[in-house]
Amino acid sequence: GLIETIEVRTVRLPLRSPFRTSNGVSTEREIVLVRLAGGGVEGWGECVAEQEPTYSPEYSRGAADVLRSFLLPRLVAADVQSAADVAPALYGIVGHPMAKAALELAVLDLELRQREISLARYFGAARTRIPAGVSVGIQPSVPALLDVVSGFLDEGYQRIKLKIQPGWDVEPVRAVRQRFGTELPLQVDANSAYDLADAAHLRRLDEFGLLLIEQPLHHDDLFQHARLAELITTPVCLDESIVSARAAAAAISLGAARIINIKPGRVGGYLEARRIHDLAQAHGVAVWCGGMLESGIGRRANIALAALPGFTLPGDTSASNRFYDTDLTAPVTLESDGHVLVPTGPGIGAAPDPELLAKFTEDSWSYER
Ligand SMILES: CSCC[C@@H](NC(=O)CCC(=O)O)C(=O)O
Ligand SMILES: [Mg+2]
């Protein structure tokens, strides 16, 4: 069959600087990786679950366990021959989209390396380069924020996203507008820090001409987001709420999202992510590719996905050095015009360096068929 050996590995990468959101602050990234080998090639998948379940219910240790205990046995039993077989093989397991997505990506990478097809070509992506946006965490002060934003603009980033929360929203946004002007593509992300009762306060952001406000309210509340969308002019964009194409259809039909942040891990895989892209495009809803501080594995896969035509807004597809001094793979770099290149090699187009993998590995588990 397609898969001869399986490995689940947990690595830990230090962040270059603390990354603060309304969920809290991170200083390192624990990443669960899946490595499949077969037919003389290897396929890699990256699980985007964080160390603690503060973004969504999944967390890295739990993802490694659900992979070993339930997902891999089903994958092996189904003897999958292509990425299209993975979701059906795992359908009996409820939830755990990020763990499932890691497995699907590893099968997809393996399959495409064997067929010598790039991920972008597989997706039917036309572009060879895409504009990169960058996500800016909550800073200790407004002057510190302006320095961080200035640095990213000097690097060439095409869009700035500011993390906000109650007490850190209107003032930092106003300061960035005053310092960098009204033409700067600028958006905010609340990670569900507000409530519908904050609508009047959130309306104060309308004067700043933001591209969007991302996930202002509770991840489970499409209805309140639809109500909020009637009370503010800044377009509402959803992230955490969009856990599947089904959820995207509900959000679009309810008017809860005028824009959607697509994260393949959050929705269960790159194939589901493409379905959401197609659905949104059919409804005239813009999408962009979100980020989960991925290593070069998930980072490159995201860039290939973001080359699809419906990704009309810059995503959080920044260079590896936005978060990491050393990436597990060859680093993704930012071109001088603030774009990143769509990978052209077979599959994801890069693999972890064995020495770096060993250096950052916390533990690894393997399974021979
Ligand atoms: C809670 S921090 C991780 C999720 C966050 N991601 C980012 O802000 C982008 C991070 C990146 O550039 O990878 C989001 O809610 O969009
Ligand atoms: Mg977000």
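Values below: all heavy atoms of this structure, side chains included; hydrogens, waters and symmetry mates excluded. Bear in mind the structure is a predicted one, so any value in this text is a computation, not a measurement. Numbering of ligands and ligand atoms starts at 1, following listing order.
The aromatic rings of Tyr270 and Phe123 lie parallel to each other, with less than 30° between the two planes, well short of the 60° mark.
With waters neither drawn nor counted, the protein N/O/S atoms under 2.8 Å from the Mg ion (ligand 2) amount to 3.
With sequence neighbours excluded, no residue forms a salt bridge (charged side-chain N to carboxylate O under 4.0 Å, His left out) with Glu294. Partners of Asp65 under the salt bridge (charged side-chain N to carboxylate O under 4.0 Å, His left out) rule, at least two apart in sequence or in another chain, do not exist in this structure.
Near Asp316, meaning under 4.0 Å from any of its heavy atoms, are these atoms of ligand 1: 7 (C), 9 (C), 12 (O). Ligand-side atoms of ligand 1 in range of Asp189: 14 (C), 15 (O), 16 (O), range being under 4.0 angstrom from any heavy atom. Interface of Phe323 with ligand 1, defined as ligand atoms under 4.0 Å from a residue heavy atom, comprises 10 (C), 11 (C), 12 (O), 13 (O).
Residue contacts with ligand 1: Lys161 is included, with a non-hydrogen atom under 4.0 Å away.
Among Lys263, Gln215, Met292, Glu50, the residue whose heavy atom lies closest to atom 14 (C) of ligand 1 is Lys263.
Judged by the 6.0 Å distance and 45° axis criteria, Arg266 is not positioned over the aromatic ring of Tyr55.
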Exercise answer: donor-acceptor pairs, residues 246-262 side-chain atoms, under 3.5 Å, sequence neighbours excluded:
residue : atom : partner : partner atom : Å
Ser253  : OG   : Ala249  : O            : 2.7
Asn261  : OD1  : Gly290  : N            : 3.3
Asn261  : ND2  : Glu214  : OE2          : 2.8

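Of the candidates Arg159, Arg322, Arg299, Asp316 forms a salt bridge (charged side-chain N to carboxylate O under 4.0 Å, His left out) with just one, namely Arg159.
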